[in-house]
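Take a look at the structure below.
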Amino acid sequence: MPDKFYLTTPIYYVNARPHIGTTYTTVVADAIARRKRSLGIETFFLTGTDEHGQKIERSAEKAGCTPQEFTDRVSAEFRGLWDRMGLTYDDFIRTTEPRHKQAVQKLFALLRDQGYIYKGSYTGQYCVSDEAYVDVPPGAPCPECGRPTETVNEENYYFKLSAFERKLLEFYQEHPEFIEPETRRNEVISFVKSGLRDLSVSRTSFNWGIPVPGDETHVIYVWMDALANYITALGWGSQDPSRYDRFWPADLHIVGKEITRFHCIYWPAFLMAAGLPLPKKVVGHGWLLFEDNKMSKSRGNIVRAETILDTFGAMKPDLPKAEQDRFGADVLRYFLLREVVFGQDGSFSFDALVQRYNSDLANGYGNLVSRTLAMIGRYFGGVVPENSNVPSLVSLTKLAENFTNRAIPLYSERFDDLRFSLALETAWEMVGQLDGIITASAPWKLAAKDDADSRAELAAILYAAAEAIRIITALVYPVIPESAAKVWAQLGQGHITQANLKDLKWGGLKPGTKLGESTPLFPRAEKEAITRMNEMEQKNNPAPAAASEPGNEGKAAHVSKLRSLLDGLAVAASESTNETAAILALESAVAETVREFVSGSEKRAPANPVPVKANPPATVGPATGTPVMPAAPSTGTVAAPAAAPALPEGKISIDDFAKVELRVAQIKVAERVPKADKLLRLEVDLGDETRQILAGIAEAYAPESLIGRKVVIVANLAPRKLRGLESNGMIVAASVAGGRPVLAGFLEDVEVGARLK
RNA sequence: GGCGGCGUAGCUCAGAUGGUUAGAGCGUGGGAUUCAUAACCCCAAGGUCGGCAGUUCGAUCCUGCCCGCCGCCA
């Protein structure tokens, strides 16, 4: 076994605040780091923040501060949260630090000296949000995020990525373990096989970055800047590279699945070009979904770790704040590692969190510790009893010993294989077994007798229970460090961080050990904790529509909900195969929403998918000033809508109708949307403006037949992205038998832009 | 559209180079118990292992097609 381990999280882009997605990545890394350390392996765990780029420059401008002030603030939030949670990173690198900047310049110069960087020029579209060039015609939105692109004409430095195509493929071939999970590996390989183009690695359109050495009109491409952190933090290119010499290459880069490409293609290529060793493994984990929906600011369903720390921390009011936080962190850590299959997308909900907590931590492990220590306290004065081999009980104690000794290697193998949920399942099997053994041997009955045999049996069974708990605790320490440390101390084992758990095996618990003070570990969580956490997030995630119309929140929420339902109708019509059912369902949802609005009650709206990335370069939030789509609140209730006059069931008022802005528009451009069978991209003239609308009518109308045709559109529908393209409105059509759309039109000629009233 | 992945109990997931009654946890129903955090223990209900066809003595597992979901395609 190697005696060092270097692992990293991505450095988080400071354009978004820390949320549960970034917390997840960091928690996984922390658990691995703790396990490695407890095995006596010299471990270096790096995290940090990524702080350059045009997006930051503009966000700072919007916030009315300098980029440095802006990044100082957000970076501190990340670090503050990690500290609150007691995460044990060994270094926190910021890309704005001098140590990083000078090393990145050195790397750039090295690549240039090696002949892998040359000057070229580029004219085309640039997406500020993604910090990337995109291959679309001028004026078209970014295919990745749907935001507007900018036309740029830049003379840039290029990295000869194309020179590494074959070398990379050979590397993947020789190191099949380099990328996990396998599905990510397949993607990367097919990407490289389809041909690599040289990569533009400098920008002149903004200043907030690291200047290219010798040509300060350019700043270095943010991804080259960011990726280099993994070596600059170790002191590569500095006066003192000893740490680099010790720890590089990295043993594990943990990243979100959306950035595997950068870590599995660009990063190895840069390193190859620089003549440096390649990291041993990159694992691209999945996203955390909230109740099966992607989290996004526009959806208003971003969950923050703080909510969990606060809520669970409050369950232990007697503890100092820092310990409360770390207790809350344990709860979250356990959930994330147990519930989510590492590598796959996982579903987060407060309901599931409380459920897991109560059944596994409170009723399972916590109760097991409690009942065992209570009995040792009561029957043996809090001293670990003698492990006597009592014939009548040998089968039970042997059972405990055997399954424990089997579980240790199994847990370790699974954990080290990054299959955390399975590892924890193994540990909790031990908890279940032990509960069964305790019940079967009924120590409380033995204690009621006073013969020597019963006393010996009692001692044997309680020793076995305590010893099994010691081993379980050692195993799960990396996952629930705060709680495990408490149990460790209660078992009279001292500080768990001092323990070397490499040779963990049955029999390590010394009879006669005086137990420490026993405190409740995991008080049961009440159902109302779920409501509380949902409400806390609600407050932190105001629905954008409501926020934009202060004082009229309820109404705004309803309007926004109706809009998203109408969007849903458009999508159903364009994409669903079972359109009739989908449309009927949505229609009744619309009708219900209108009724609710009228009657002043509120229920949950069905959710609509909005693609948003979770990690850097995340596009969570309207950071570039792009309007975000209003979304219905996903959970709980919102403020009661403004009083509305009573109306007959199923009817709307004239005011309600007046909210829908129907206009005559003329189709100027119509073309099929690639990859969508039913979708057409239309550009329509509204008299005073032209806008893009996506309509699910490709199966009924040939694009060329539509040019010049006058149609009715809903002009004030919230923008919505379909297949990466933004749709600003909806074409009105009748849905006839079989779901076929028939466009609404006029028998007489009408003026473009005219409103329908 | 191209390439890749997935579809197993209400939920989250295991699993088998193809071979007798397909598993676990949670949830649900019943029972038992009192050491323990209304907890723990036992029992039960619940699955044509996405659909159809093929290969085979035998397929949930292999092959093909289909349906659904998802990822990557700078």
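By convention in this document, chain letters (A, B, ...) are assigned in the order of the sequence lines, proteins followed by strands, and residues within each chain are numbered from 1. Quick note: numbers below take in every heavy atom, side chains included, and nothing from hydrogens, waters or symmetry partners.
Looking at the side chain of A/R261, the nearest of the listed nucleotides B/C73, B/G71, B/A14 is B/C73. For A/K257, taking side-chain heavy atoms from C-beta onward, the closest of the listed nucleotides B/G71, B/U34, B/U37 is B/G71. Comparing B/C72, B/C40, B/C35 against the side chain of A/D435 picks out B/C40 as the nearest. Checking B/C13, B/C35, B/G71 against every side-chain atom of A/A374, the shortest atom distance belongs to B/C35. Here B/C35 is the nucleotide among B/U34, B/C35, B/C40 with the atom lying nearest to any side-chain atom of A/M375. Of the candidates B/C13, B/U34, B/C3, the closest approach to any side-chain atom of A/K445 belongs to B/U34. Distance from the side chain of A/T439 is smallest for B/C40 among the nucleotides B/C40, B/U37, B/G5. You'll find that the side chain of A/F191 is closest to B/C72, out of B/C13, B/C72, B/C40. Taking only side-chain atoms of A/E339, from C-beta outward, the nucleotide of B/C72, B/C40, B/U12 with the closest atom is B/U12. For A/Q355, the listed nucleotide lying nearest its side chain is B/C26; candidates were B/A14, B/C35, B/C26.
Within the structure, every pair that satisfies the side-chain hydrogen bond (donor to acceptor under 3.5 Å, both in side chains) test and touches residues 426-439 of chain A, not counting sequence neighbours, is listed here: A/R371-A/D435, A/R414-A/T426. Applying the salt bridge (Lys or Arg N to Asp or Glu O under 4.0 Å) test to pairs two or more places apart or on separate chains, none has a residue in residues 454-465 of chain A.
Atom P of B/C67 sits at a distance of 15 Å from the matching atom of B/G51, rounded to the whole Å. Rounded to the nearest Å, the gap between the P atom of B/C40 and that of B/U63 is 44 Å. Comparing B/G71 with B/G10, their P atoms are spaced 26 Å from each other, to the whole Å. To the nearest whole angstrom, the two C1' atoms, one in B/C11 and one in B/G27, are 7 Å apart. Comparing B/A44 with B/G25, their P atoms are spaced 12 Å from each other, to the whole Å. The P atoms of B/A45 and B/G1 are separated by 45 Å, rounded to the nearest whole Å. A gap of 9 Å separates the P atoms of B/G7 and B/A14, to the nearest Å. Nucleotides B/C41 and B/U34 are separated by 11 Å at their C1' atoms, to the nearest Å.
Both key distances under 3.5 Å define a Watson-Crick or G-U pair, and stretches of 3 or more such consecutive pairs in RNA chain B run B:1-7 with B:67-73, B:10-13 with B:23-26, B:28-31 with B:41-44, B:50-54 with B:62-66.
If you look at A/F159 and A/F164, their ring centroids are closer than 6.0 Å.
Between A/F171 and A/H175, the ring planes lie tilted relative to each other; the angle falls in the 30° to 60° range.
Residue A/N186 is classed as a sugar-phosphate contact, given heavy-atom separations below 4.0 Å to backbone atoms only. Contacts of A/L521 with the nucleic acid, taken as non-hydrogen atoms under 4.0 Å apart, include base atoms. Heavy atoms of A/L196 sit under 4.0 angstrom from at least one base atom.
Taking 4.0 angstrom as the limit, A/Q344 places none of its side-chain polar atoms (N or O) nearer than this to OP1 or OP2 of B/C6. For B/A14, the OP1/OP2 oxygens have no side-chain nitrogen or oxygen of A/R419 closer than 4.0 Å.
Atom CD of A/Q433 is separated from atom P of B/C41 by 11 Å (rounded to the nearest Å). Between A/E182 atom CD and B/G71 atom C1' there is a gap of 14 Å when expressed in whole angstrom units. Atom-to-atom, CG of A/N363 to C1' of B/U33 comes out at 16 Å; the value is rounded to the nearest Å. In this structure, CG of A/D360 is placed 19 Å from P of B/C11, rounded to the nearest angstrom. As a whole-Å value, the separation of A/R338 CZ from B/A14 P is 10 Å. Spacing between atom CG of A/D345 and atom C1' of B/G71 amounts to 9 Å, rounded to whole angstrom units. The nearest whole Å value for the distance from the NZ atom in A/K527 to the C1' atom in B/C26 is 11 Å. Distance OH (A/Y334) to P (B/G25): 13 Å, rounded to an integer number of Å.
A/E180 has no carboxylate O lying under 4.0 Å from a charged side-chain N of A/R184, or vice versa, which leaves the two without a salt bridge. Classification of A/E323 and A/K486 as a salt-bridged pair holds, one side-chain N sitting under 4.0 Å from a carboxylate O.
Without hydrogens or angle criteria, A/Y172 side chain to A/C264 main chain gives a donor-acceptor distance under 3.5 Å.
Across the interface with RNA chain B, nearest-nucleotide mapping of A/S190 and A/F522 shows A/S190 to be the residue nearer the 5′ end. For the pair A/G432 and A/L361, nearest-nucleotide mapping onto RNA chain B gives the more 5' position to A/L361.
The shortest non-hydrogen separation linking A/Y126 to A/Q54 is CE2-OE1, 3.5 Å. Across every non-hydrogen atom of A/L161 and A/L199, the tightest pair is CB-N, 4.2 Å.
At a cut-off of 3.5 Å, with distance as the only test, a side-chain donor of A/T519 or A/Q490 sits close to an acceptor on the other residue.
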